[in-house]
Amino acid sequence: MRVLTVFGTRPEAIKMAPLIRKLEACPDIDALCCVTGQHREMLDGVLRKFDIKPDADLAIMSQNQTLADITSRTLNGLTDVFAALKPDLTLVHGDTSTTFAAALASFYAKIPVGHVEAGLRTDNRYSPFPEEMNRRMTSRICGLHFCPTVKNALNLKNEGITENVYVTGNTVIDALNITVGGDYAFESEDIKTVDFSKRLLLVTVHRRENYGGLENILRAFRHILETNPDTELVWPVHLSPAVREAANAMLGDAPRARLIEPLNVWDMHNLMARSALVLTDSGGLQEEAPALGKPVLVLRRETERPEAVEAGTVKVCGVEYDAIVRETELLLNDRKEYERMAKAVNPYGDGKASERIVKAILDAEIP
Ligand code: UD1
Ligand code: UDP
């Protein structure tokens, strides 16, 4: 069976990488890979580290690309790729615009599609934007659904999707099992200058719906640094120009704020393992940090990943200045509260999600 993975951004690549390894190791599968290049440097870093050599690269990225740019370039580009590679099954991941456009392109070519990380929902079509609608539309198109958790499968059931739904765990845990551990030596020169005697606040912010509210968030970071001299903030800043401009303008001269270049995924995961807490609007970090026992404050109004919130390691903090300062300082100053949150919980599986997905692909009656 010819199985084509299609992805385009950093998080998709990180979570598809362990699956690609399993697909390549399976004698009954001819594993093919196409990247859209929705991200460039941030994607290429992951491909390099996991030694993935795509069979096709649409190279669609442009500065400040719009959603329409990503969607139309992916749809058009994949037409030729499908004709050349002739896959029997396409696999997409998550909720980016690459995900939705690749699923749609596959449908247009009458090639069945499987969705990895299926069934996450906020039930607010505009938040996260455009990811909530991307994943709903992807679910409609796909014939195989690989859900990280039982809750995700229930979300699909509520939408009438019950055929070929598999609860597999999340491949992010498979990735962490590859990257974290041992006596890790960081590659990034930026990390070598971090003061690890301070309490490390690992920060990432990049979501489109946060662009308008970045000032609140960044003012809160600045206040926290000014009033807590035993902390150091490390932010590997996303390459999005909108994010970089705001980060440099608001925190460029803040005390102990290290705005650094994106880290390779091994450095990132091992830095997380050594941080005190994580402040983020990222999806992936909400899954990784709990597995590493690090409290997470989510800089959004809601999350499609309630599992670690229920387990107590993740708190949805919102995007208001007061709430971010209050919740961060609570964790910095109240040891009991910190200990309560800093426990390793892992609602996302045992690191064998990729194996289960491959088995399901081989066993399923592919529609
Ligand atoms: C995208 C996804 C989002 C995902 C995020 C992961 C969509 C609509 N959004 O958002 O769901 O959480 O990726 O990071 O699919 N850029 C570079 N080099 C890179 C990557 C980005 O220069 O390697 C710059 C480009 O100017 C690009 C901009 O960042 O136009 C934004 O990238 P884009 O993929 O459109 O949006 P993200 O915010 O990264
Ligand atoms: N990540 C990384 N280097 C960085 C920042 C993040 O490797 O400098 C990893 C992070 O550990 C996680 C993924 O990238 O696995 C998250 O990507 P991002 O926040 O861009 O997207 P999201 O998860 O929000 O879709």
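Counting convention: from 1, in listed order, for ligands and their atoms alike.
- The single protein non-hydrogen atom nearest to atom 32 (O) of ligand 1 is Q65 NE2, 3.6 Å, given as residue, atom name and distance.
- There is no side-chain donor-acceptor pair under 3.5 Å between E302 and T122.
- For atom 4 (C) of ligand 1, the nearest protein heavy atom (residue, atom name, distance) is H206 CE1, 3.8 Å.
- Residues L362 and D28 have side chains in contact (heavy-atom distance under 4.5 Å, counting atoms from C-beta outward).
- The heavy atom nearest to atom 15 (O) of ligand 1, considering only S97, A242, P262, is found in S97.
- Near L67, meaning under 4.0 Å from any of its heavy atoms, are these atoms of ligand 1: 8 (C).
- Comparing heavy-atom distances from atom 31 (C) of ligand 1 across G283, S240, G37 singles out S240 as nearest.
- Ligand 1 does not have N134 within reach: every non-hydrogen atom of the residue lies 4.0 Å or more from it.
- Counting atoms of ligand 1 from 1 in the listed order, those under 4.0 Å from a heavy atom of I70 are 35 (O).
- Here E355 does not pair with K359 in a salt bridge; the nearest charged N to carboxylate O distance is not below 4.0 Å.
- Classification of E287 and K15 as a salt-bridged pair holds, one side-chain N sitting under 4.0 Å from a carboxylate O.
- What sits closest to atom 39 (O) of ligand 1 on the protein, heavy atoms only, is H39 NE2, 2.7 Å.
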If you apply the rule salt bridge (charged side-chain N to carboxylate O under 4.0 Å, His left out), what do you find for R199 with D230, and how did you get there? CA-CA 6 Å; R199 290 193 285 178; D230 65 333; 3.0 Å; yes

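- In V243, neither the side chain nor the backbone holds a heavy atom less than 4.0 Å from any atom of ligand 1.
- Under the 4.5 Å side-chain heavy-atom criterion for Ile, Leu, Val, Met, Phe, Trp and Tyr, V116 and L176 are members of the same hydrophobic cluster.
- Pocket lining of ligand 2, defined as residues with a non-hydrogen atom under 4.0 Å away: R10, P11, I14, H206, R207, P236, P262, L263, V265, M268, H269, M272, S282, G283, G284, L285, E288.
- Salt bridge annotation for E339-K336: absent, with no cationic side-chain nitrogen under 4.0 angstrom from a carboxylate oxygen.
- Close approach to M42 involves these atoms of ligand 1, each under 4.0 Å from a residue heavy atom: 19 (C), 20 (C), 23 (O).
- The nearest protein atom to atom 38 (O) of ligand 1, hydrogens excluded, is given as R208 NH1, 3.7 Å; this is a heavy-atom distance.
- For the pair Q38 and ligand 1, the shortest N or O to N or O distance falls below 3.5 Å.
- With respect to atom 19 (C) of ligand 1, the closest heavy atom belonging to the protein is E41 OE1, 3.4 Å.
- Regarding atom 24 (C) of ligand 1, its nearest protein heavy-atom neighbour is L239 O, 3.5 Å.
- Cluster membership for I111 and V113, using ILVMFWY side-chain heavy atoms within less than 4.5 angstrom, is not shared.
- For R208 and F129, the positive end is not near the middle of the six-membered ring at less than 6.0 Å and at most 45° from its axis.
- Between R136 and E159 no salt bridge is recorded (no basic side-chain N to carboxylate O distance below 4.0 Å).
- The environment of K343 atom NZ is dense: over 12 non-hydrogen atoms of other residues, nucleotides or ligands sit within 6.0 angstrom.
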E337 vs R340, salt bridge (charged side-chain N to carboxylate O under 4.0 Å, His left out): CA-CA, chis, key distance, verdict: CA-CA 5 Å; E337 178 62 11; R340 191 186 68 74; 3.0 Å; yes

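- By the 3.5 Å distance cut-off applied to N or O atoms, H238 is counted among the residues near ligand 1.
- Side-chain contact of R258 with T193: a donor-acceptor pair under 3.5 Å is present, judged by distance alone.
- The option from E131, R244, E12, R40 that lies nearest to atom 11 (O) of ligand 1, judged by heavy atoms, is E131.
- Shown in contact with P130 at under 4.0 Å from a heavy atom are these atoms of ligand 1, numbered in order with element: 8 (C).
- Residue-ligand proximity, N64 to ligand 1, at heavy-atom distances under 4.0 Å covers atoms 26 (O), 30 (O).
- Side-chain contact between I361 and L89 is present, with at least one heavy-atom pair separated by less than 4.5 Å.
- Shown in contact with T96 at under 4.0 Å from a heavy atom are these atoms of ligand 1, numbered in order with element: 11 (O), 15 (O).
- Side-chain N/O atoms of T149 and R305 include no donor and acceptor closer than 3.5 Å.
- Counting only heavy atoms from C-beta outward, the side chains of T303 and Q286 approach each other to under 4.5 Å.
- The N/O atoms of Q63, backbone and side chain alike, include one that comes under 3.5 Å of an N/O atom in ligand 1.
- For atom 16 (N) of ligand 1, the closest heavy atom belonging to the protein is M61 SD, 3.6 Å.
- With a 4.0 Å cut-off on non-hydrogen atoms, P128 does not touch ligand 1 at all.
- With a 4.5 Å cut-off on side-chain heavy atoms, F196 and R274 count as touching.
- Nearest-heavy-atom check against atom 30 (O) of ligand 1 across S282, S62, A13 picks out S62.
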